[in-house]
Amino acid sequence: YTTVRVGGTRSIPLYLTNPSATPIEVTLSIAAEETPTAAWTTSTITFSPGMTRVDATISGVALGSVYALVSSSVGEDSINI
């Protein structure tokens, strides 16, 4: 769980358990059933070969909470914001 103020941004670290020898593209989205109270600043981010951490930025757009989704070919996760 993390918080972000309306009009503010927060850097969210994303991790891989094991480094990959090839790039891994990650799709960032907001749960469709939610009223958007936050938005990713980009829809995708890439782990370069050998990297285990990248930072994605999320912006607060309204009061409330939402699930931010992270998915790739290696799995899925969510963050309650």
Side-chain angles (χ1 to χ4, degrees):
Y1 183 84
T2 191
T3 60
V4 60
R5 293 178 185 265
V6 173
T9 60
R10 178 163 310 262
S11 181
I12 308 290
L14 304 174
Y15 297 94
L16 292 177
T17 305
N18 297 306
S20 174
T22 59
I24 296 177
E25 185 174 281
V26 177
T27 302
L28 308 170
S29 61
I30 300 296
E33 69 273 4
E34 303 282 343
T35 301
T37 58
W40 293 106
T41 58
T42 184
S43 61
T44 61
I45 198 162
T46 302
F47 283 88
S48 297
M51 292 186 70
T52 57
R53 176 187 168 161
V54 294
D55 292 313
T57 303
I58 199 153
S59 300
V61 296
L63 294 176
S65 65
V66 69
Y67 281 97
L69 307 174
V70 180
S71 62
S72 73
S73 60
V74 290
E76 297 181 351
D77 207 347
S78 65
I79 305 161
N80 185 10
I81 299 174

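- Evaluation of the side-chain hydrogen bond (donor to acceptor under 3.5 Å, both in side chains) rule for Ser20 yields Thr22 as partners, not counting sequence neighbours.
- The line from OG1 of Thr41 to CG of Leu28 is 8.0 Å long, rounded to the nearest 0.5 Å.
- Looking at residues two or more places apart in sequence or on another chain, you find a side-chain contact (heavy atoms from CB on, under 4.5 Å) between Thr44 and Glu25, Thr27.
- Nearest approach of Ile58 to Ala68, heavy atoms of both residues: CD1-CB, 3.9 Å.
- Sorted by first and then second residue, the salt bridge (Lys or Arg N to Asp or Glu O under 4.0 Å) pairs with a member in residues 6-16 form an empty list; sequence neighbours excluded.
- Residues meeting the side-chain contact (heavy atoms from CB on, under 4.5 Å) test with Val54, sequence neighbours left out: Leu14, Ile45, Phe47, Met51.
- As a member of the Ile/Leu/Val/Met/Phe/Trp/Tyr network built from side-chain separations under 4.5 Å, Val6 groups with Leu63.
- Nearest heavy atoms, Ser59 versus Thr9: OG-CG2, 3.5 Å.
- The side-chain contact (heavy atoms from CB on, under 4.5 Å) test applied to Pro23 returns Thr46, Pro49, not counting sequence neighbours.
- Pairing each heavy atom of Ser29 with each of Trp40, the nearest pair is O-NE1, 3.1 Å.
- Under the rule for a side-chain contact (heavy atoms from CB on, under 4.5 Å), the partners of Asp55 that lie at least two apart in sequence or sit in another chain are Ser11, Pro13, Arg53.
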